[in-house]
Every structure is written in structure tokens, then in C-alpha cells.
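Here is the structure we will look at, set down as C-alpha cells.
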There are 4 protein chains.
Amino acid sequence: MPTPVPVTVLGATGTVGQRFVERLAQHPWFRIERLAASGRSAGKRYRDATAWRLPSEAWGGLGDEVLVAAEPGKTVSPVVFSALDADVAAELEPAYARAGALVFSNASAFRMEADVPLLVPEVNPDHLDLLSAQRKLRGWSGGIVCNANCTATVLVMALAPLHKRFGVEAVMMASMQAISGAGYPGVASLDITANVIPYIPKEEEKIEEEVPKMLGLLDGARIAPAAMAVSASCHRVAVVEGHTEAVAVQLRGTPSLDLVRAAWLTWSPEPQRLKLPSAPLVPVRIHDVADRPQPRLDVERDGGMSVHVGRLRACAILGVKFALLGHNTQRGAAGGSVLNAELAHARGLIA
Amino acid sequence: MPTPVPVTVLGATGTVGQRFVERLAQHPWFRIERLAASGRSAGKRYRDATAWRLPSEAWGGLGDEVLVAAEPGKTVSPVVFSALDADVAAELEPAYARAGALVFSNASAFRMEADVPLLVPEVNPDHLDLLSAQRKLRGWSGGIVCNANCTATVLVMALAPLHKRFGVEAVMMASMQAISGAGYPGVASLDITANVIPYIPKEEEKIEEEVPKMLGLLDGARIAPAAMAVSASCHRVAVVEGHTEAVAVQLRGTPSLDLVRAAWLTWSPEPQRLKLPSAPLVPVRIHDVADRPQPRLDVERDGGMSVHVGRLRACAILGVKFALLGHNTQRGAAGGSVLNAELAHARGLIA
Amino acid sequence: MPTPVPVTVLGATGTVGQRFVERLAQHPWFRIERLAASGRSAGKRYRDATAWRLPSEAWGGLGDEVLVAAEPGKTVSPVVFSALDADVAAELEPAYARAGALVFSNASAFRMEADVPLLVPEVNPDHLDLLSAQRKLRGWSGGIVCNANCTATVLVMALAPLHKRFGVEAVMMASMQAISGAGYPGVASLDITANVIPYIPKEEEKIEEEVPKMLGLLDGARIAPAAMAVSASCHRVAVVEGHTEAVAVQLRGTPSLDLVRAAWLTWSPEPQRLKLPSAPLVPVRIHDVADRPQPRLDVERDGGMSVHVGRLRACAILGVKFALLGHNTQRGAAGGSVLNAELAHARGLIA
Amino acid sequence: MPTPVPVTVLGATGTVGQRFVERLAQHPWFRIERLAASGRSAGKRYRDATAWRLPSEAWGGLGDEVLVAAEPGKTVSPVVFSALDADVAAELEPAYARAGALVFSNASAFRMEADVPLLVPEVNPDHLDLLSAQRKLRGWSGGIVCNANCTATVLVMALAPLHKRFGVEAVMMASMQAISGAGYPGVASLDITANVIPYIPKEEEKIEEEVPKMLGLLDGARIAPAAMAVSASCHRVAVVEGHTEAVAVQLRGTPSLDLVRAAWLTWSPEPQRLKLPSAPLVPVRIHDVADRPQPRLDVERDGGMSVHVGRLRACAILGVKFALLGHNTQRGAAGGSVLNAELAHARGLIA
């Protein structure tokens with residue numbers, strides 16, 4: 001068994017940071033070398049700086065680890081996972097990349113940069129090739145690989161095999177998003193208890209621009225976004241984990257529902273063929289019971305890395321409708337970044 | 001002040017029945033003459049047969065009223081409000097209509113019958129004229145007037161002024177519906193606590209056929225449904241009262257958002273002009289704060305009889321998007337039926 | 001009709017401040033003269049500085065009012081309602097009292113001061129007489145009158161008639177408290193959705209010391225606390241408004257449950273006799289249905305100013321047990337302060 | 001590795017039945033031989049008769065199993081797990097016991113029978129010896145072993161080491177119970193969303209009689225209940241799994257809180273010493289963070305088989321208070337029965 005790759009987690013005290021630690025504490029390929037946090041927490045033990053808010057073992061068993069400041073020191077881990085807020089990420093992630101680290105980022109800061117891959121390994125593994133252009137352009141020895149907005153990631157998992165097989169022309173999506181997506185303390189309980197909030201700041205814009213980029217074609221040093229109309233309406237609901245999405249799509253050639261179903265069933269993308277450690281056996285699970293998928297019953301399956309499709313049926317306007325569910329802090333955040341790193345490792349991009 | 005019209009409430013013990021009693025107990029034009037229930041409850045006092053589940057005064061102050069069986073006796077009240085289940089309504093409502101009562105029904109049994117008005121007084125008051133055809137056709141001295149599915153009613157309130165001004169070509173709607181819409185005991189708490197259910201039996205079909213009928217044109221003894229594509233996706237969420245709807249519409253001539261807004265602002269339909277007792281001052285309230293309307297904060301306004309529009313914005317696919325909220329057991333059920341009866345009364349259709 | 005007394009609301013932008021504005025906007029005896037807020041909000045219009053989070057009319061109709069800084073100026077309103085945080089209250093409330101205002105405070109800063117009345121008009125109206133000692137001692141022309149912690153207030157409403165009739169020797173109480181009690185943003189939704197938090201900082205201590213003070217005897221310039229053991233266990237639950245309390249009491253002479261019930265039924269305290277505008281007709285409502293009172297169904301009754309008792313039954317340890325419910329932001333906060341001011345006004349203490 | 005013991009699950013389609021199947025599908029000592037259900041479901045495949053409502057693998061992988069009728073046939077499994085309702089259990093459990101099966105029952109029907117052990121293996125393993133008296137008395141070759149009410153089971157786990165070390169004189173307990181405790185459909189969502197129900201039928205009585213029996217002494221053919229006063233107040237809250245209990249105890253000799261803590265820490269009961277497969281490593285987990293234990297974060301630990309204590313502190317009335325949490329459908333239901341069977345097996349009571 002080869003030596004595990006040392007990694008650093010940036011922003012280890014927050015909600016997504018905790019998910020990173022939880023996943024990486026037991027990872028077969030990676031080993032946590034440093035937990036990094038803001039200056040306020042650096043120097044403290046992880047257990048003292050962090051109210052662990054996951055049902056799993058507190059602090060991933062690393063409660064005694066001393067937090068370091070989130071800034072590249074003399075040496076950096078070859079792999080860095082970033083759970084930083086966008087504004088901090090904008091400054092620190094390039095510093096790590098310059099210092100030689102390959103940064104797998106959950107932040108939105110660089111997602112739409114032309115030379116930064118917005119990667120979902122099942123969807124656009126070849127976008128990873130942007131890295132060499134990025135390195136040349138920016139003069140970095142490391143690099144930045146982003147994963148997308150959580151809602152966009154779940155959506156693109158369901159769209160990818162349809163786009164590949166038929167071509168997606170238009171997507172209308174209304175989301176019902178879990179509170180964990182807003183971090184901690186995040187959504188005030190007075191706002192969401194027995195309520196729906198019909199607005200999540202900047203969310204619809206992110207989805208509408210990230211999905212076409214992810215489904216776009218690598219064109220030298222940039223991605224040509226897919227030509228499709230995307231329209232999103234985002235809502236917060238009183239769910240702990242799991243974004244539900246009501247999706248309607250217009251596909252080229254108006255294929256039958258059976259063909260749509262077959263496109264999902266026969267999809268066998270690269271992470272599954274490579275058997276990457278965090279790749280779910282089946283990337284898109286299809287439910288035939290009328291009232292599924294449901295967050296509480298389905299979202300934790302496959303470690304939260306598969307997405308769930310149900311209620312496939314005809315749409316009077318766009319042709320095809322279905323219900324979609326995915327895990328926002330696993331597939332849509334920490335798990336997505338880790339899978340990105342696994343793909344990079346499998347492709348020999350990590351020293 | 002004229003003598004109030006005596007009315008009977010059918011199905012007075014259920015959730016919608018309680019809403020009827022609550023509204024009618026203090027109504028300026030109507031006076032509850034009989035509370036009717038299934039054979040199991042008939043003969044009991046209202047307080048003994050009914051676990052009152054509304055925050056208002058228990059049993060509308062009529063707890064000592066003795067329930068009668070839900071079947072027309074020798075005499076019937078001139079006005080009957082029906083909160084019966086569809087299968088029972090299918091049998092009993094015609095019996096009352098035959099016996100001379102004007103039945104205002106919340107049940108789905110007769111909604112799509114060609115000669116039965118599916119009435120929302122702000123939207124299609126002229127559909128009430130179907131009654132004369134209905135009476136002739138069926139040989140009734142009374143009649144049946146239906147209100148629509150709760151989700152469809154809320155939707156059509158927002159669409160009506162747009163349809164009148166521009167013409168609606170297509171409507172895509174994803175709902176987040178309150179648990180009260182399923183009656184009592186209705187949705188099991190294990191199914192909805194911290195969860196979303198992406199399916200409500202028969203709901204999408206009802207919306208897709210009822211909206212075009214309500215927006216259709218009276219054509220002699222029938223309604224010619226409006227030519228528009230309607231596509232609905234219905235979800236149950238952990239909200240007590242109030243259906244939220246994410247709506248996208250395609251309007252003829254692609255008017256600007258300002259014109260759309262103006263269509264709502266200047267809408268002045270018949271119930272408001274007639275100042276019917278249950279008509280809200282403003283039928284469509286427009287919210288400018290980004291995160292409104294919200295069920296918990298907005299739905300009880302105007303006694304639950306107005307609908308709320310927010311987040312008016314462009315849609316990349318259909319042109320116009322907005323968030324919509326309405327009260328499912330008031331505007332969408334009991335309040336809607338009562339307003340229907342008020343319109344009929346104002347038009348002299350009640351003896 | 002006499003001229004209404006001008007009042008100032010301190011902390012008008014917060015949760016309790018909004019409740020004050022809501023109640024006072026229509027009060028028959030008081031008229032809002034100034035809305036005061038922290039320096040950050042002063043100078044802004046109320047509508048621009050405040051996200052209104054109550055289902056009632058936004059900003060109590062005073063959205064265009066310009067907020068002033070929370071500090072006594074050249075002139076002060078004769079009556080000031082304080083919804084300040086404890087640390088700010090500690091500084092500002094004495095300043096207002098010195099300047100001549102009678103401050104009715106919802107803050108905890110002065111509750112346990114020997115010369116400050118901890119007033120619930122139904123329970124200890126005579127404690128208001130402490131004011132003259134307070135003025136003499138502190139050299140103030142105004143004064144400070146506190147209301148108690150919300151959970152303690154609800155509890156003492158139920159205990160007072162029992163203490164008066166029999167004497168309370170011991171009280172064990174476990175609370176299930178609404179999220180609104182923590183203000184806004186207050187409790188994070190991730191902490192309370194489908195969860196219970198078995199701890200509320202400083203809450204149990206407050207209850208255990210405030211209840212004996214409120215039930216104590218005025219003894220010259222101080223209150224001799226009632227000799228009783230109070231033991232509280234406080235929990236946060238996913239309820240919007242209304243604290244539920246499981247109460248067990250040991251009464252002197254171990255009276256029968258019928259006598260306990262009679263003590264509540266026959267209680268006719270001063271605010272009800274004086275018909276103060278905010279006094280509920282019946283201060284303690286008794287429920288006979290087994291599963292009541294419930295927050296969602298009962299707490300808004302009487303404008304949230306009555307408390308609700310149910311499930312009166314024997315306790316194997318202390319003798320008597322019952323379920324108790326009261327409105328934490330009405331009776332337990334803003335409504336309580338307003339009722340205190342009404343009592344002071346009725347007693348001629350307000351110029 | 002020895003041949004696993006064949007077992008039957010009675011009531012396999014219900015909430016607790018599903019928990020049985022989930023646990024037994026992978027059990028090292030037991031193998032599901034038959035899944036039994038009411039006549040309505042018998043003959044159907046498990047997948048067709050059962051809406052699986054757990055987040056785990058649907059139907060425990062046994063979806064194709066054909067359900068048999070819940071009645072002893074020519075042969076019975078040596079071990080039977082009963083998730084029947086009390087009234088059906090009253091009839092069927094003796095029939096199985098007569099036919100030779102050892103029935104481990106989650107039903108309340110026989111719990112308080114003098115010759116039936118009310119077993120929690122950590123608490124009263126010797127009560128299992130009642131079986132020989134039971135067999136003699138009733139002429140059965142099998143027998144019935146009950147587990148207690150879920151709330152009582154959680155409570156007695158925390159009390160047992162205190163009772164053993166000091167003697168419990170009085171226990172006051174207020175519960176906040178999960179909706180899963182009422183089965184499916186169980187609690188209506190309209191009753192519990194953003195609400196508390198201060199009543200659970202028959203629950204308080206069960207706790208008050210079952211706890212003293214479980215802590216009692218085996219005295220020949222019966223149990224002499226422990227001499228202690230138990231007073232319970234039970235509430236339903238919007239939690240999915242996990243009963244929270246606010247507990248106050250009076251202990252003989254009024255030991256210090258440190259001694260109480262030590263009693264839990266040093267407790268090493270029989271299932272842990274025997275390393276029974278379902279026994280948690282640590283039966284009582286102590287939390288030192290002020291706001292723990294919490295259902296959402298703690299209840300699934302150890303497969304739901306440990307109980308959680310937090311907030312150990314002084315009580316002004318009974319001496320000691322603490323917060324308690326346990327898993328109602330695992331430790332308090334299916335897991336408890338399975339652990340009972342494991343103890344019986346370890347003691348050689350299963351053929």
C-alpha cells in the first residue's frame with residue numbers, strides 16, 4: 001500500500017471543514033497533515049476551537065490536533081482542501097497554489113475564471129486538463145480546482161448523461177434547499193421553522209452560469225459553455241441535509257421517457273470505472289416509488305455521493321420532468337472536492 | 001339590515017368544515033342553520049364530535065349545536081357549503097341541488113363537469129352564468145358551484161390579470177404545499193418532519209386541467225378552456241398554512257417586468273368593486289423585499305384571502321418568474337367557497 | 001378621552017422591540033413619541049433599519065418614523081419601554097430614570113436589585129410601592145420597573161393563586177421553550193430543527209431566583225423572597241411562540257386537586273378588577289381536554305396575555321402536577337411591560 | 001462459527017418491525033427464518049406489503065421474502081421477536097410460547113405480569129430467572145420476555161447504577177419524546193409541527209410502574225418492586241428519533257455529584273462483560289459540553305444502544321438533576337429485545 005498523500009484542510013472549524021475532516025480522517029489515499037483556521041483559532045486545539053456539529057465521532061478523532069494559521073508556510077502539503085469563505089479564499093488559495101499546492105476548493109471565488117476547472121469527475125473529467133494552461137498562465141507550480149455550487153452540482157449530475165446522449169436545450173429548476181447549505185449559524189430558526197424562504201442570495205445566478213460551464217467543452221485554455229438556457233428558482237426549507245430539485249428539461253430530439261431513463265441507467269462515467277474511493281457505485285439512483293426520493297430517507301445513501309432521481313414523467317412545456325435529490329454538504333461540497341482530488345491523483349497530477 | 005340567509009355546512013367536523021364554521025359564525029349575510037356530518041357523528045353535539053384544531057374560538061361558539069345527518073331532509077337551507085370528501089360529495093351534492101339548495105362545494109367531484117362553474121370571483125365571475133344551463137340540463141331547482149383545488153386557486157389569482165392583459169401561453173409551477181392541505185390526520189409527522197415529499201396524489205393533474213378551465217371563456221352551456229400549457233410539480237413541506245409556488249410564465253408579446261407589475265397593481269375585479277364581505281381589499285399583494293412572501297409572516301393577512309407575489313424577475317426560458325403564496329384553507333378552500341356564495345348573493349341568485 | 005401618555009421604545013428594532021411597537025401602535029392610553037435604537041440605526045427610518053419579523057402590519061404602521069439614538073436627550077418621554085440587551089440596559093435605563101422617565105424594562109439588568117420591583121400586575125401589584133424607596137435611595141425623579149424572565153413570568157402566573165391560597169413549598173419545573181425567546185437571529189436552525197437543546201444559558205438561575213422574589217412580601221424598602229425551593233430544567237424546542245412548562249408543586253396542607261382548581265377559577269386579581277387594557281379577561285385558563293394546552297392552538301388567545309393550565313393531576317412526589325403554557329414575547333416580555341405601565345398609570349404614578 | 005438461531009419477526013411491516021428486520025438481517029447469532037404479519041399482508045412479498053421508512057437498505061435486503069401469517073404453525077422458530085400491538089400480542093404471544101418459542105416482546109401486554117421478566121440486560125439480568133417459574137406456572141415449553149416502555153427503558157439505564165450504589169428514593173422525570181415512538185402513521189403532522197403535545201396516552205402510568213419493577217428484587221416467582229416514588233410528565237416534540245428526559249433524583253445519603261458521576265463511569269454490567277453483540281461499549285455516555293446530549297447529534301451513536309447523560313447538577317428539591325437521552329426505537333424497542341435475546345442465548349436458555 002502506497003504512502004498516503006499529506007493534505008491540509010483550510011477552514012477546518014466550519015461546517016464544510018468538519019465534513020472534510022470527517023471524510024479525510026479515514027481516507028485510503030490521503031492523510032491529514034495540517035488543520036488550518038483563521039488567526040483567531042490558530043494555536044488552539046481542534047477540540048477547543050470547534051463545536052463539532054456532525055453526528056459522527058467528534059473532531060474526526062483529531063480533537064487534540066493544534067490548528068495552524070491558514071497561510072502557506074515554508075512548506076505546503078501537496079494537496080490542500082479549502083472550505084474557506086469566498087473573500088478569504090480569493091486571497092489565500094492563490095498563495096497556496098503559488099507555493100506548489102494543488103488546491104481543491106469549495107469556495108466560489110475562482111469558479112468562473114476561464115482557466116479554472118469547475119470539476120465534477122463524473123461529468124467533465126477532461127476539464128482537469130485546464131490545469132496545465134492555468135499553471136502556464138499564472139506561473140504556479142500548484143493550481144486551483146473548484147467544485148461547483150451545491151445545487152448546481154446535484155443538478156449537473158442528473159443532466160450530464162442526458163446532455164451527452166441527447167443534448168440539453170433548456171433546464172427549469174426549482175430547489176428546496178437544506179439549512180446546512182448556509183453553514184453555521186446560517187439560517188435563523190425563526191426564519192425557517194414551519195416556513196419556506198423563497199430566496200437564497202446569489203444562488204440562482206451561480207446555478208445559471210455554473211451548469212453551462214460544467215457541461216461545456218474544453219477548448220484549449222478555456223471552456224466553451226454549453227449552449228443551453230438555465231432558469232433556477234431557489235428556496236430554503238426546514239430540511240437538515242439534502243437539496244430537492246424539481247427539474248424540467250428540454251432535450252434535443254424529444255426522446256421518450258424510456259430513453260431518458262436508459263441514459264441514466266447505462267451511464268458509466270470515469271470515477272466509477274476507475275473505482276475512485278469516494279465514487280458511488282451508481283452515480284444516479286432511480287426511484288420508482290411515487291413519493292421518493294426524500295431527503296430524510298435517501299440522502300445519506302452511498303455516503304451522500306450519489307444523486308437520486310424520481311417521478312420521471314412528461315412535461316407539457318419542456319418535455320421531461322423529474323424530482324432530484326442530492327447531498328449538499330457531501331456530493332455538493334466536501335465529498336465533491338475529495339472526489340476531485342481522487343481523480344487528480346488517479347491521473348498522476350499529484351506528486 | 002336584511003335577514004341573513006340560512007346555510008348548512010356539510011362535513012362540519014373536518015379541517016375544511018371547521019374553517020367554514022369559523023368564517024360563517026360571524027358572517028354578515030349568512031347564518032348557520034345546520035351543521036351536518038356523517039352518520040357516525042349525527043346526533044352528537046358539535047363539541048363532542050369534533051376535536052377543534054384551529055387557533056380560534058373552539059367550535060366557532062357553536063359547540064352545543066347538535067349535528068344532523070348529511071342528507072337533504074324535508075327542507076333544505078337555500079345555501080349549502082360542502083366540505084365533503086369527493087366520493088361522498090359525488091352522491092350528496094346533487095341530492096341537495098335537486099332539493100333546491102345552491103351548493104358551494106370545496107370537493108373535486110364536479111369541478112370538471114361541463115356545466116359546473118369552477119368559480120373564483122376575481123377571476124371568472126361570469127362563469128356563474130353556467131348555473132342556468134346547469135339547472136335546465138339537470139332539472140334542478142338548486143345547483144352546484146365549485147371552487148378549485150387550493151394550489152390551482154392561488155395560481156389562477158396571480159395569472160388572471162396577466163391573462164386578461166397579455167394572454168398566458170405557458171405556465172410552469174413548482175409548489176411547496178402546507179400540511180393543512182391534506183386534512184386531518186393527513187400527513188404523518190414521520191413523513192414530513194425535516195423532510196420534503198416530492199409527490200401529492202392527483203394534485204398536478206388537477207392544477208393542469210383546472211387552471212385552463214378557470215381562465216376559459218363561457219361559451220353557452222360550457223367553458224372553452226384557455227389555450228395554454230400548464231406544467232405543475234407538487235411538493236409537501238413542513239409548513240402549517242400556506243402554499244408557496246415558484247411560477248414561470250410565458251406571456252403573449254413578452255411584456256416588460258414593469259408592465260407585468262402594473263397589470264397586478266391596476267387589477268380591480270368584481271368582488272373588490274362590489275365590496276363583498278370576504279373579498280380582500282387588494283387581491284394580489286406585491287412584495288419588494290427579496291425574501292418575501294413567506295408563509296409564516298404573510299399568509300394570514302387579509303384573513304387569508306389575498307395572494308402574495310414577490311421576486312418578480314426575468315426567466316431565461318419563459319420570460320417571467322415570480323414567487324407566489326396563498327392560503328390553502330382560506331382562499332384555497334372555505335374562504336373561496338364563501339366568497340363564491342357572496343358573489344351569487346350579490347347577483348341575486350340566492351332566494 | 002384623556003390625552004395619551006407619550007412613550008419611548010428603546011431597542012425598537014429587535015424582536016421584543018417590535019412586539020412593543022405592535023402593542024403600543026394601537027394602545028388606548030399610550031402614544032409612541034420616539035423609537036430609539038443603537039447608534040448604528042439612529043437617523044434611519046424605522047422601515048429601513050428593521051426587518052419586521054411579525055405577522056402583523058409591518059412596522060406597526062410607523063415605518064416612516066425616524067429612529068433616535070437610545071439616550072436621554074433634553075426631554076424624555078414620561079414613560080419608556082426598554083427592550084435593550086442587559087449590558088446596554090445597565091447603563092441606559094438609569095440614565096432615563098435619572099432624567100425623569102419611568103422605565104418599564106424587559107432587560108435582566110436590574111431585576112434582582114433590592115429596590116426594583118419585579119412586577120407582574122396579577123401577582124404582586126403592591127411591589128410597585130418599592131418605587132418610592134427606589135427614588136429616595138437613588139435620587140431619581142423617574143424609576144425602573146422590571147418584568148421577569150419570560151419562563152418565570154408564565155410560571156408565577158400559575159403559582160400566584162396557589163401560593164396565596166395554600167402556600168407553595170416547592171416547585172419543580174421542566175420547560176420546553178420557543179425559539180422566539182432567544183431573539184433574532186437567536187437559535188441557529190441547524191441546532192433546533194428536529195432537535196431539542198437541553199440547555200439555555202443562565203435561564204434556570206433566573207427562574208430559581210426571580211420566582212421567590214415575585215412571590216415575596218414587600219418589607220419596607222425591599223422584598224423578602226418567599227421561602228420555597230425552586231428547581232428548573234430548561235430546554236429549547238422547535239416552537240415559534242409559547243413556552244410549555246411541566247410543573248410539579250408541593251403545597252402547604254396538601255389540598256385536593258379540586259381545591260387547587262378552585263384556587264385558579266376564583267382568582268380575581270387587580271388588573272382584571274381594574275379592567276386594565278392589556279389584562280386578559282381570565283388570567284389562568286384551565287383546559288380539560290387531555291392533550292391541551294398546545295402552543296400552536298392556544299398561545300395567541302387573549303392577545304397572548306393569559307396563561308394556560310391543563311392536565312391537573314396528582315404527583316407521587318410533590319403532590320400536584322400540571323402542564324402550563326404562556327406566551328413568551330407577549331405575557332413574558334412586551335405585553336408584560338405594557339401591563340406594568342398600565343398598572344402604574346391606574347395607580348397615578350405616571351405624570 | 002456456530003449455526004445461527006432461526007428467528008421469526010411478528011409484525012414485520014410496522015415501524016418497530018422494520019427496526020427488528022434491520023438489526024437481525026446482519027446479526028451474528030440470529031437468522032431471520034420467517035417474517036410474519038397480519039392476515040391482510042400474509043402471502044405478499046415483504047416489499048409489496050411494507051413501505052420501508054428507515055434510511056437503511058430497503059427491507060433489510062429481504063424484500064422478496066413472502067410474509068406468513070402471525071400465528072404459530074406446526075413448527076415455530078426457537079426465538080420470536082414480537083412487534084405486535086398490545087391487543088394482538090395478548091393473544092398471539094402466549095400461543096407462540098405454548099408452542100415452544102421464546103418470545104422477546106416489545107408489546108406492553110405482559111409487562112406487568114408477576115412471572116414475566118421486564119428485562120434490560122444491563123439493569124436486571126437476573127430477572128431472566130423468572131422464566132423457569134413462568135414455564136412451570138403456565139405449562140409452557142417456551143416463554144415470554146418483555147422489554148419495557150421506551151421512555152422507561154432509557155430512564156432505568158441511567159438510574160440502575162445509581163440505585164445499585166446509593167439507592168434511588170424518588171425520581172421526577174419530564175420527557176420530550178420523538179414522533180417515531182408513536183409508530184406509523186402515528187402522530188399527525190398538524191399536531192406536532194412547531195408544537196408540543198403535553199400528553200401521551202398511558203405513557204406516564206407505564207413509566208411509573210415499570211421502573212420500580214425493573215429495579216426490583218427477584219423474589220422467587222415474582223419481582224418485589226423497588227420502593228421508590230416515580231413521577232413522570234410526558235410530552236411529544238418534533239424530533240424524529242430519541243427521547244430526551246429531564247431527570248431529578250433523590251438518592252439515599254445525598255451523595256456528591258462527583259460520586260454520582262463516578263457511579264456511571266465505573267458501571268460495568270453483564271452485557272458489556274459478556275461482550276454481547278448489541279451491547280454498547282459504554283452503556284451510559286457522559287457529556288461535559290453544556291448543551292448536550294441532543295437527539296440529532298448524539299442518539300445514533302453506538303447503534304442507538306447507549307444512553308447519554310449531560311448537565312449533571314444539583315437540584316434544590318431532590319438533590320441531583322441531569323439531562324438524559326436515549327434511542328426510543330433502538331434501545332427502547334427493537335435493539336432492547338434483541339439484546340434480551342442475546343443475554344438469554346449467552347445464558348444457554350435458547351435451544
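Chain A is the first sequence line, chain B the second, and so forth, proteins listed ahead of strands; every chain is numbered from 1.
When only modelled atom types and interatomic distance are considered, B/Arg313 and A/Ser231 share no side-chain donor-acceptor pair under 3.5 Å.
For A/Ala232, the part lying under 4.5 angstrom from a heavy atom of chain B is the backbone only. Only the side chain of A/Glu208 comes within contact range of chain B, judged by heavy atoms closer than 4.5 Å. Proximity to chain B (any heavy atom under 4.5 Å) is shown, for A/Val299, by neither the backbone nor the side chain. For A/Val237, the part sitting under 4.5 Å from any heavy atom of chain B is the side chain, from C-beta outward, and nothing else. Contacts of A/Glu204 with chain B are made by side-chain atoms alone, with heavy-atom separations under 4.5 Å and no backbone atom involved. Proximity to chain B involves both the backbone and the side chain of A/Ala170, based on heavy atoms less than 4.5 angstrom apart. Contacts between A/Leu190 and chain B at a heavy-atom distance below 4.5 Å involve backbone atoms as well as side-chain atoms. Looking at A/Met176, the atoms closer than 4.5 Å to chain B (heavy atoms on both sides) all sit in the side chain, from C-beta outward.
Per-residue counts of heavy-atom pairs under 4.5 Å with chain A were compared for B/Thr244, B/Ile317, B/Asp191, B/Asp291; the largest is that of B/Ile317. With chain A as partner, the option from B/Ala316, B/Pro198, B/Ser233, B/Ala229 having the largest number of non-hydrogen pairs under 4.5 angstrom is B/Pro198. With respect to chain B, the highest number of heavy-atom pairs below 4.5 Å among A/Leu318, A/Val239, A/Asn195 belongs to A/Asn195. Most heavy-atom pairs under 4.5 Å with chain A: of the set B/Ala290, B/Ala246, B/Ala174, B/Ala323, this distinction falls to B/Ala290. Chain A forms more heavy-atom pairs under 4.5 Å with one residue of B/Ala248, B/Pro293, B/Ala178 than with any other, namely B/Pro293.
Put simply, the side chain of B/Gln294 reaches to within 4.5 Å of the side chain of A/Ile197, judged on heavy atoms. With a 4.5 Å cut-off on side-chain heavy atoms, A/Cys315 and B/Met172 count as touching.
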